[in-house]
Structure formats: structure tokens, C-alpha cells
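For reference, the structure is listed below as C-alpha cells.
Remember, predicted model here, so these are calculated numbers, not experimental data.
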Amino acid sequence: MPKENSLDHFVRQLTRSPGSSTAGGNPAHSSRIQKYMLERSENQDAHVSYQEEQILLNLIRTGDLEALQESSAKGSPENLQRLGRMSDSPLKQLEYACCSFVTLATRAAVEGGLDADTAYSISDVYLQRLAKCQTPAHILSLLEEAKFGFARAVHGARQEKTRISYLEQAKNYIATHLNGMAREIGVNPSYLSRKFKEYESMGIAEYTRRSRVQAARNMLKYSDADISAIAQYLCFHSQSYFGAVFREYTGLSPGKYREREKVTDFSAGNNIRHTDQ
């Protein structure tokens with residue numbers, strides 16, 4: 001006879017008839033569950049389905065803020081009546097529902113790429129705030145905030161991983177082309193890198209960044225190309241990253257630099273500032 005695992009044992013304990021008695025059993029507990037299930041069936045109380053639950057959790061798992069916003073806009077107050085009856089107190093009912101959601105959302109966020117320590121810290125903060133809620137309206141507001149809070153955290157974590165991926169690709173590109181440069185001039189790559197830094201007081205990667213920023217300055221000053229097009233042309237992985245690097249070297253955003261330095265009259269021999277019409 002196959003050995004019964006703990007889950008099978010638990011299910012059997014919950015579903016056995018009230019009259020049965022085995023060591024360690026609790027017939028009264030089983031009876032209450034069966035009575036509650038019968039009441040729900042007679043009252044046609046439908047519970048939120050597992051599929052519906054997973055749709056919401058998947059939006060958090062993927063950090064899909066836009067879809068989550070649409071889902072919230074279409075939400076129905078009737079959903080709050082489909083959570084089962086966890087308490088006869090409306091306040092406790094919502095408190096238990098919010099606590100359950102935060103627990104599930106924490107797991108979904110970790111599955112979506114948010115590091116566990118951050119996810120559990122977010123969970124702790126929401127539960128601490130939940131303990132201080134005094135009205136159903138406060139709990140509902142916190143519940144809505146938690147949905148988007150977890151989703152934003154996952155969204156940010158995914159963006160950061162994408163950024164790191166871009167940086168790794170950039171470093172690989174530089175390393176590959178360093179080998180190519182070294183082959184072209186007939187020296188060892190590490191020797192070339194060391195000598196370059198010795199004479200230029202910066203590494204090849206830093207020199208490349210400075211050169212790209214200088215090219216961007218010229219394009220902003222002498223062309224009408226969109227800032228996004230300049231960022232793409234100079235191989236910055238996003239306009240926001242381009243802006244951050246440009247500001248690091250110039251102290252100005254690309255837009256502010258163009259406003260200040262734009263040459264609009266080449267025949268005058270001086271720098272006439274560009275002004276928007």
C-alpha cells in the first residue's frame with residue numbers, strides 16, 4: 001500500500017465524515033468546513049476563481065503597469081463579494097483579504113525578478129500599514145496601492161536587468177574591438193590597453209564614451225536631428241541613458257545644451273543662440 005503523503009493526509013482529515021474518529025482527528029473542524037461549503041452552495045456564493053487570481057498576479061509578475069491600470073479601471077465592486085467569508089466583521093474581512101493578497105503578490109514579485117529581500121521588505125511595510133487601518137476605505141486604498149507598488153518594483157527590477165544586459169553587451173563590444181585594434185597594429189590587447197591608459201590617462205572605454213559625448217555635442221550644436229535620433233546614432237541604448245551620460249560630462253541635459261549652444265547662422269561667424277518659436 002503506497003505511503004500517504006502529508007498533503008493527502010491533510011485533505012483526508014478535512015473531508016472525512018463528522019462521525020469518523022481517528023487518532024489526532026478533529027471531527028468538529030471537518031464538520032464546520034462541510035457546513036460552510038454547503039451554505040456557499042445553497043447561497044450560490046461564487047468564489048474568485050484561481051484563473052482570475054492568476055491573471056492579476058501575472059500582471060504583477062511581469063510588471064505590466066499599463067495592463068494593471070486597465071484591469072483596475074474595469075474592476076467591479078462585486079469582486080469584493082467573491083472572496084469568501086473570512087469574518088463576520090466587514091473590517092476584518094477586508095483586512096484578511098488584503099493580507100492574503102500581499103502574501104501572494106510578494107511571491108509573484110519574486111517570481112517576476114524582484115530580489116526576495118526587497119519583496120519581503122515591501123510586504124512588511126504594507127502589512128505594518130494594514131495594521132493601522134481603521135476603516136474599510138483605508139484598507140481598499142492600501143490594497144490598490146499594493147497592487148501597483150509590487151508591479152512598479154518588478155517593472156523597475158526588469159528595467160535594471162535590461163540596462164545591465166546592455167552594459168554587458170557594450171563591454172563585450174569594446175573588448176572585441178580592442179582585440180581587433182590590437183591585431184591591426186600588431187600588439188597584444190592587454191599591452192595596447194595598458195599603454196593607451198598610460199598616455200591618455202584614461203581607459204579605452206572611457207575614451208570611447210568621451211568621444212561619443214563630443215560627437216553628440218557637435219550634432220546638437222550644428223544639426224537639427226532629434227535627440228532620440230542622436231542617441232540611437234551614437235549607440236546609446238536609450239534616450240534616458242544618453243541624457244544621463246551627456247549630463248555627466250557637460251552638466252546639462254541634451255535639450256538644455258542645444259538651447260544654449262545651437263548655431264543657427266553659420267555666415268555670421270559667431271554663435272547665435274537658438275530660440276524656439
*Quick one: are Val154 and Arg61 in side-chain contact, heavy atoms under 4.5 Å?*
no
*Side-chain contact test, heavy atoms from C-beta onward, threshold under 4.5 Å: evaluate it for Phe150 versus Val102 and give yes or no.*
yes
*Measure across Gly113 and Ala157 and return the closest heavy-atom pair with its distance rounded to 0.1 Å.*
O-CB, 4.1 Å
*asked:* Tell me whether the NZ or CZ atom of Arg209 lies within the 45° cone about the ring axis of Tyr249 and under 6.0 Å from its centre.
replied: no
_Over 12 non-hydrogen atoms of neighbours within 6.0 angstrom of CD in Glu248_ = yes
*What pair of heavy atoms forms the shortest contact from Leu65 to Ala151, and how long is it?*
CD2-CB, 3.6 Å
_Close side-chain approach of Leu220 to Glu261, heavy-atom, < 4.5 Å_ = no
_If you compare all heavy atoms of Cys133 against all heavy atoms of Ile139, which two are closest, and at what distance to 0.1 Å?_
CB-CG1, 3.6 Å
*Under a 4.5 Å side-chain heavy-atom rule over Ile, Leu, Val, Met, Phe, Trp and Tyr, are Tyr120 and Leu127 clustered together?*
no
*Linking I/L/V/M/F/W/Y whenever any side-chain heavy atoms sit under 4.5 Å apart, do Ile55 and Leu104 land together?*
no
_Verify same cluster id: Val125, Phe148 (apolar side-chain graph, 4.5 Å)_ = no
*Any side-chain donor paired with an acceptor under 3.5 Å for Asn188 and Ser190?*
yes
*Measuring from Gln214:CD to Thr250:OG1, what's the distance to the nearest 0.5 Å?*
10.5 Å
*asked:* Please check if the number of heavy atoms outside Glu111 that lie under 6.0 Å from its CD is greater than 12.
replied: yes
*Any donor-acceptor pair under 3.5 Å linking the side chain of Asp226 with the backbone of Ala229?*
no
*Specify the closest pair of heavy atoms between Ala231 and Ser238, including all atoms of both residues, with the distance to one decimal.*
CB-O, 4.4 Å
*asked:* Is it the case that the side chain of Thr103 and the backbone of Cys99 share a donor-acceptor pair, with hydrogens and angles ignored and the cut-off at 3.5 Å?
replied: yes
_Can you confirm whether Glu66 is buried at CD, in the sense that more than 12 heavy atoms of other residues, nucleotides or ligands lie under 6.0 Å from that atom?_
no
*Heavy-atom closest pair, residues Ala116 and Val110*: CA-CG2, 3.9 Å
*Give a yes or no on whether a salt bridge exists between Arg210 and Glu206, defined as a side-chain N under 4.0 angstrom from a carboxylate O.*
yes
*May I ask you to test the Phe246-Leu234 pair for a side-chain heavy-atom distance under 4.5 Å?*
no
*Does Thr208 reach the main-chain N or O of Ile204 with its side chain, forming a donor-acceptor pair under 3.5 Å?*
yes
*Ignoring hydrogens and geometry, is there a side-chain-to-backbone donor-acceptor pair from Lys147 to Leu57 under 3.5 Å?*
no
*May I ask you to test the Ile122-Thr106 pair for a side-chain heavy-atom distance under 4.5 Å?*
no
_Could you go through Phe242 and Arg212, starting from their C-alpha distance and side-chain angles, then the distance that decides it, and tell me whether this counts as side chain to side chain contact (heavy atoms under 4.5 Å, CB included)?_
CA-CA 10 Å; Phe242 167 54; Arg212 290 161 73 198; over 6 Å; no
*Taking side chain as C-beta onward, heavy atoms only, is Gln128 less than 4.5 Å from Lys132?*
no
*Any side-chain heavy-atom pair from Leu59 and Ser71 closer than 4.5 angstrom?*
yes
*Evaluate the side-chain proximity of Arg258 to Ser223: yes if any heavy-atom separation is below 4.5 Å, no if none is.*
yes
*Atom of Thr118, atom of Leu114 and distance for their closest heavy-atom approach*: CG2-CD1, 3.9 Å
*Between atom CG of Asp224 and atom NZ of Lys262, what is the distance when rounded to the nearest 0.5 Å?*
4.0 Å
*asked:* Pair Glu52, Leu56 - check side chain to side chain contact (heavy atoms under 4.5 Å, CB included), show working.
replied: CA-CA 7 Å; Glu52 290 174 296; Leu56 174 58; over 6 Å; no
_Quick test of your reading: applying ring-ring contact (aromatic ring centres under 6.0 Å, His included), list the pairs with at least one residue in residues 189-219, sequence neighbours left out, ordered by first then second residue._
Phe196-Tyr207
